[in-house]
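If you're wondering where the values come from, they're calculated on a predicted model, not measured in any experiment.
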Amino acid sequence: MAPPLSRESPATTSWWLREVGPLAPVTQLEGDLRSDVCIVGGGFTGLWTALALKELQPELDVTVVEADHCGTGASGRNGGFVMSLWHQFLALEHACGAPGALWLARASTAAVADIGAFCEEHGIAAQYRPDGWLWTATNAAQAGAWERTIQAIESHGVRPFQRIGTEELQVRTGSRAHLAGVFESTCSSIQPAALARGLLRVARERGVTVFERSPIVGLERSKPLAVRTARGRVTADRVVVAMNAWAGQLQELRRAFAVVSSDVVITEPAADELERIGWRDGVCISDSRLMVHYYRTTREGRVAFGKGGGLLAYDARVGRSFSGRSPLEPLVTARLRSTYPALASVPIAASWTGPIDRTVDGLPFFFALGRPDLVCGAGYSGNGVGPSALGGRILASLVLGRDDEWSRCGLVRKPPRGMPSEPLRYLGGRLVRAAVARKERAEDEDRRPARIDRALAGLAPAGLVPLR
């Protein structure tokens, strides 16, 4: 098992990490340690799992081993959207049937509110803003992308989405680039690195032992299991693998997902300009392309603007190209400027990139790796801030062998099939990604995409929008 080594200094990984200020001195794993449960990965999934374990069994000895600083992976580099699973209802229904899909969507809605309540209870200054999400169309081809999803949900008598008119949409977003859209009120936004550091603090307060800057070099599948780092070893009765995109190093997960980048730029404060265009709250906004654009404001008046589906990793290896300043900064900035011409003169303060573990159906998975004392969770596909709180509860129930609503839910499953082996996945992925880019460029220009591009784009894994 190759070590998920640090990409570069946490201070340069994302704006969010810079904003939380200097990180506390780390404790590295050195020597041999015995623990009831060892969690590999100190991001949202690992920390929520640790907290859920201590809630269920406070006396449990829980150890977290993190390759870098907690929160410097995907947990500290995303756009800060705290979303439910309602927009993924069709995939949920396909995976576990309508009753299971409804249960998970409702549980994910509760998780969004629970995160806000957790921050308030524990004094975590994570800038939680429950202002909802606008799912929009920015060209004619995207219009109505949400209809199949809404119709499926409403057939069960549930209405999480609100249809809004174009005029109201443009007023609320502050941009005439949005042609149509729907509103989902349960989504919130957050400063993700601040949430990660808050989770770390609370976990330690509850007795969780956390080792940082301790990359894993091996997993011994003995009885009991053992997690090895360069300087130490944790022998544990049970192990949870919570490395997300980095989990592709495990043989069982080599074909579980594709690793693609998500790239973000953030502006200098522009409160006056935002006031002039009428973008006055923290509503989360995205368009309906496969390589989605997503954006929101911060409390101090910055705009964070991101794009999914950039770089593609070979063999699910997360290398240096998935860290640091975004190589797509000019492209993402240009889209920000075209969406918000009134912000054309606002400088870009920073950009960054990070990995997404994208499954075929866009949903995460949680399961035992051949034995009940070794469990893993991954595959959030770009929507992990909210669902990772569910993931923590699921993994805690699985690793403890509990028979409850979490261990029986529809996301407890093996990774969905469909990802080819290498080198076909990488070569084919590059071909499909290029076709998607050409197709979406044609749609932006109100042209009909080439037939071959439409066909190849149909082979892409599911994203925000259900594939037709």
Side-chain angles (χ1 to χ4, degrees), residues 24 26-67 70-71 75 107 111 114-115 117-118 121-122 124 195-212 214 216 218-229 232-244 247 364 366-378 387-409 411-412:
V26 302
T27 301
Q28 293 179 286
L29 176 61
E30 296 187 358
D32 290 346
L33 182 73
R34 190 70 168 82
S35 187
D36 294 328
V37 180
C38 181
I39 300 170
V40 183
F44 289 148
T45 300
L47 292 171
W48 282 122
T49 301
L51 289 167
L53 286 169
K54 295 298 277 187
E55 179 182 326
L56 293 169
Q57 294 187 19
E59 75 284 358
L60 206 64
D61 184 12
V62 180
T63 300
V64 174
V65 180
E66 163 59 33
C70 288
S75 297
D114 289 345
I115 290 171
F118 185 90
E121 178 184 356
H122 296 284
I124 300 172
L195 174 60
R197 301 310 291 184
L199 289 173
L200 173 62
R201 171 175 59 80
V202 176
R204 283 178 163 151
E205 289 171 353
R206 294 185 177 177
V208 177
T209 301
V210 181
F211 296 103
E212 298 178 287
S214 301
I216 307 306
L219 173 62
E220 298 174 10
R221 305 198 187 200
S222 50
K223 190 69 175 178
L225 294 153
V227 172
R228 287 189 292 109
T229 70
R233 184 170 179 265
V234 180
T235 302
D237 297 323
R238 289 151 284 186
V239 169
V240 178
V241 178
M243 300 192 299
N244 298 305
F366 306 91
F367 74 116
L369 292 169
R371 48 191 289 179
D373 54 354
L374 176 61
V375 302
C376 76
S388 63
L390 300 185
R393 292 192 173 277
I394 293 169
L395 289 168
S397 286
L398 288 178
V399 79
L400 294 178
R402 294 168 62 91
D403 181 17
D404 59 17
E405 58 192 357
W406 300 107
S407 64
R408 293 192 302 268
C409 79
L411 294 180
V412 176

Asks: Measure the CD-CE distance between E66 and M243 for me, rounded to the nearest 0.5 Å.
Replies: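 With rounding to 0.5 Å, CD (E66) is 10.0 Å from CE (M243).
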Asks: For the pair T49 (side chain) and A396 (backbone), establish whether a donor and an acceptor sit closer than 3.5 Å, ignoring hydrogens and angles.
Replies: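 No, the answer is negative, given that no donor and acceptor are paired below the 3.5 Å cut-off.
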Asks: Which residue, V375, V399, D373, V227, forms the side chain to side chain contact (heavy atoms under 4.5 Å, CB included) with V239?
Replies: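 So the option named by the test is V227.
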Asks: Once rounded to the nearest 0.5 Å, what's the spacing between atom OG of S35 and atom CG of L225?
Replies: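 Taking OG in S35 and CG in L225, the distance rounds to 12.0 Å.
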Asks: With side chain to side chain contact (heavy atoms under 4.5 Å, CB included) as the criterion, how do I115 and W48 come out once you've worked through the C-alpha distance, each side chain's angles and the decisive distance to 0.1 Å?
Replies: CA-CA 10 Å; I115 290 171; W48 282 122; 3.9 Å; yes
Asks: List for me each residue that meets side-chain contact (heavy atoms from CB on, under 4.5 Å) alongside A196, sequence neighbours excluded, and say none if there are none.
Replies: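 By the side-chain contact (heavy atoms from CB on, under 4.5 Å) rule, A196 matches F44.
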Asks: I'd like to check the side-chain contact (heavy atoms from CB on, under 4.5 Å) partners of T229; sequence neighbours left out, ordered by chain and number.
Replies: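 With neighbours one apart ignored, the set is L29, V65, S214, I216.
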Asks: Quick one: side-chain contact (heavy atoms from CB on, under 4.5 Å) partners of P224, sequence neighbours excluded?
Replies: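 Counting only residues at least two positions away or on another chain, P224 forms a side-chain contact (heavy atoms from CB on, under 4.5 Å) with R34, T235, D237.
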Asks: Show me, pair by pair, the donor-acceptor contacts under 3.5 angstrom made by side chains of residues 198-211, not counting sequence neighbours?
Replies:
| residue | atom | partner | partner atom | Å |
| --- | --- | --- | --- | --- |
| R201 | NH1 | E205 | OE2 | 3.1 |
| R201 | NH2 | H122 | O | 2.5 |
| R204 | NH2 | V210 | O | 3.4 |
| R206 | NH2 | H122 | NE2 | 3.3 |

Asks: Is R238 reaching over with its side chain to a backbone N or O of I39, donor-acceptor style, under 3.5 angstrom?
Replies: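 Such a contact is absent between R238 side chain and I39 backbone.
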Asks: Under 3.5 Å, is there a donor-acceptor pair between the side chain of E212 and the main chain of C70?
Replies: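 Yes; at least one donor-acceptor contact below 3.5 Å.
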Asks: Could you list the donor-acceptor pairs under 3.5 angstrom formed between side-chain atoms of residues 50-60 and any protein atom two or more places apart in sequence or on another chain?
Replies:
| residue | atom | partner | partner atom | Å |
| --- | --- | --- | --- | --- |
| K54 | NZ | P58 | O | 2.9 |
| K54 | NZ | L60 | O | 2.7 |

Asks: Nearest heavy-atom pair of L390 and A111: which atoms, and what distance?
Replies: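 The pair with the smallest heavy-atom distance is CD2-CB, 3.9 Å.
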Asks: Can you tell me how far OG of S75 sits from CG of L47, rounded to the nearest 0.5 angstrom?
Replies: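 It is 7.5 Å, given to the nearest 0.5 Å.
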Asks: Please determine whether side chain to side chain contact (heavy atoms under 4.5 Å, CB included) holds for the pair L395 and W406, giving the CA-CA distance in whole Å, both sets of side-chain angles, and the decisive distance to 0.1 Å.
Replies: CA-CA 8 Å; L395 289 168; W406 300 107; over 6 Å; no
Asks: Flag the pair C376 / F366 as yes when at least one side-chain heavy-atom distance between them is below 4.5 Å, and no otherwise.
Replies: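 With C-beta onward as the side chain, the pair stays apart.
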Asks: Between R221 (side chain) and R371 (backbone), is there a donor-acceptor pair under 3.5 Å?
Replies: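 Side chain of R221 to backbone of R371: no pair is present.
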Asks: Kindly write out the residues that satisfy side-chain contact (heavy atoms from CB on, under 4.5 Å) with S407, not counting sequence neighbours, or none if the list is empty.
Replies: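 side-chain contact (heavy atoms from CB on, under 4.5 Å) check on S407 returns S397, L398, D403, D404.
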